[in-house]
Amino acid sequence: MSPRTVEPPPLRRLIVPALFVGALFVVLLLRQPDGPGMPDQWLVTGSAMGTVFTVKVVVPEGAGVSQEGVSAAVREAVDEVDRAMSTYLPDSELSRFNRHGTDPFPASDALREVITEALRVAELSDGAFDITVGPLVEAWGFGPTPRDQPPGEVEIAALLAATGSEHLVVDPQRGTLRKLRPGLGGDLSAIAKGYGVDRVAERLLELGLGDHMVEIGGEVRAAGVNADGQVWRIGVERPEPGRRSVWTAVPLDDLAMATSGDYRNYVERDGVRISHTIDPRTGRPISHGLASVTVLHPSCMTADALATALNVLGPDQARALAEHEGLAVLLLVRDPAGSFGEWTSDRWVETVGNTGDTDDVVPGEEI
């Protein structure tokens, strides 16, 4: 039987686990009321890294910056990350590295920083996070070229032998990257969006704008307060295909949040649901009941990578890693009946308190 697409993947390329999983967040932003003395709230939007971004900045009177200047600063920060790490730009630094051989490749500080963190999360998760897994994602039909049939055992074994982030080396002294295997390539979209969020937020802080919310492709970082003087509230979406509602609203102040899930992009073959998220350790789609993982962390880059890693690990291993490492994590686990159970780590409760089903919360602005 030919595969039936249940939720068609987005047009942009799906390369590594949790890439381009669609809008996993709903931002709940209290609207600025009319009245004298209220600060301005500026909006900057655009596209980059195969996705879109939204930046909201609360600017007090006399801040000494223009809306055009803030927009230009945001655009410059996003473009710098895009030029270094995009897989859509053939001349990006990452694209050139992917075409490079096994000799050392001179790399920017930014690219080396992100790959270093990717390798750290790969080791921390025992290989559940791997930026070289793209060929396996493509083999399962989630790349730019659809496939009617899944890969066989021989093809999976060959692709596993040709991938693995352990074959990437970062040399901070010489400022280089190196592949230990020819043809090895990387895709940073499961971590670069978070890094881009961090860079934009840092640029806003340099401009003296401490009240802001930055989102790129669903990864979010917020600081200070919104135009009403309230802490930014970011919604975690209920992980149900075909339905957009909020599971819970999370207050973010000087904190980043990233979510990874399998409920937007999957196909169904012979009545079996196949997730777009591939376990780099087995070369196969994940098949456990973990539907959504949300991670809070000061670094959006780190939260981005950890959310993907924990999603691959599944509920039991994700719980164990979250508690062992002291991570602020929310897991939504699908049971056989199709409903969801919630688990939060101790650090999550310490950070934002208990969460729960919030059907009474009306989604504000969808990301």
Side-chain angles (χ1 to χ4, degrees), residues 12-20 49-50 81-147 149-193 195 276-285 301 304-305 308-309 312:
R12 51 187 188 269
R13 190 180 182 193
L14 303 170
I15 303 294
V16 295
L19 301 184
F20 318 117
M49 291 182 278
V81 178
D82 213 12
R83 288 192 296 268
M85 304 174 199
S86 174
T87 55
Y88 303 96
L89 300 176
D91 293 328
S92 73
E93 190 176 4
L94 179 63
S95 294
R96 288 185 282 110
F97 173 66
N98 285 343
R99 294 192 299 267
H100 191 73
T102 55
D103 294 333
F105 176 86
S108 65
D109 291 345
L111 186 58
R112 286 187 285 107
E113 178 183 356
V114 173
I115 291 183
T116 297
E117 180 64 0
L119 298 182
R120 186 189 75 84
V121 175
E123 183 176 4
L124 183 70
S125 63
D126 194 26
F129 184 79
D130 191 331
I131 61 173
T132 73
V133 78
L136 282 159
V137 177
E138 293 181 8
W140 283 94
F142 293 103
T145 304
R147 288 183 50 154
Q149 297 297 326
E153 296 291 339
V154 173
E155 183 178 2
I156 291 173
L159 290 172
L160 283 171
T163 56
S165 59
E166 67 272 19
H167 304 299
L168 290 174
V169 177
V170 180
D171 189 333
Q173 283 72 40
R174 297 182 180 179
T176 61
L177 302 173
R178 187 180 177 189
K179 308 173 190 177
L180 301 183
R181 287 186 174 177
L184 196 70
D187 187 294
L188 299 175
S189 297
I191 187 172
K193 296 192 299 294
Y195 179 77
H276 79 288
T277 301
I278 306 302
D279 188 335
R281 302 165 301 176
T282 66
R284 298 178 178 279
M301 170 180 67
D304 197 1
T308 297
V312 169

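Small disclaimer: the values here were computed from a predicted structure and weren't measured.
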Query raised in the report: What is the distance from atom CD1 of I191 to atom CE of M301, rounded to the nearest 0.5 Å?
Result: 5.5 Å
Query raised in the report: Between the side chain of W140 and the main-chain N/O of T277, is any donor-acceptor distance below 3.5 Å?
Result: no
Requested in this report: Quick one: do R112 and D109 satisfy side chain to side chain contact (heavy atoms under 4.5 Å, CB included)? Show the steps, please.
Outcome: CA-CA 5 Å; R112 286 187 285 107; D109 291 345; 2.3 Å; yes
Query raised in the report: Counting only N and O atoms by type, is there a donor-acceptor contact under 3.5 Å from the side chain of S86 to the main-chain atoms of S92?
Result: no
Query - Nearest-0.5 Å distance that lies between atom CD1 in I156 and atom CD1 in I278 - result: 9.0 Å
Query - Nearest-0.5 Å distance, CD of residue E117 to CG of residue L188 - result: 12.0 Å
Query raised in the report: When P280 is tested against each of I131, L160, V133 for side chain to side chain contact (heavy atoms under 4.5 Å, CB included), which residue passes?
Result: V133
Requested in this report: Would you indicate whether R99, at its atom CZ, is surrounded by more than 12 heavy atoms from other residues, nucleotides or ligands within a distance under 6.0 Å?
Outcome: yes
Requested in this report: Using modelled atom types only, decide if a donor and an acceptor are shared between the side chain of T163 and the backbone of T132 within a distance under 3.5 Å.
Outcome: no
Report summary line: What one should report as the nearest heavy-atom pair of A110 and Y195 is CB-OH, 3.4 Å
Query raised in the report: Do side-chain atoms of D279 reach the backbone of R284 as a donor and acceptor pair under 3.5 angstrom?
Result: no
Query - Pairwise distance OH(Y88) to CG(L94) - rounded to 0.5 angstrom - result: 11.5 Å
Report task. Can you establish whether the number of heavy atoms outside E155 located under 6.0 Å from its atom CD is more than 12? Result -> yes
**Report entry** Heavy-atom neighbours of D171 CG exceed 12 at 6.0 Å
**Finding:** yes
Report summary line: Rounded to the nearest 0.5 angstrom, the CG-CG distance for L111 and L177 is 5.0 Å
Query - Taking every non-hydrogen atom, the tightest pair across S95 and L89 - result: OG-O, 2.7 Å
Query - Heavy-atom closest pair, residues A309 and V121 - result: CB-CG1, 4.0 Å
**Report entry** Minimal non-hydrogen separation, A139 against P151, with atom names
**Finding:** O-CD, 3.3 Å
Report task. Quick one: pull up NE2 in H100 and NZ in K179 and give me the separation to the nearest 0.5 Å. Result -> 7.5 Å
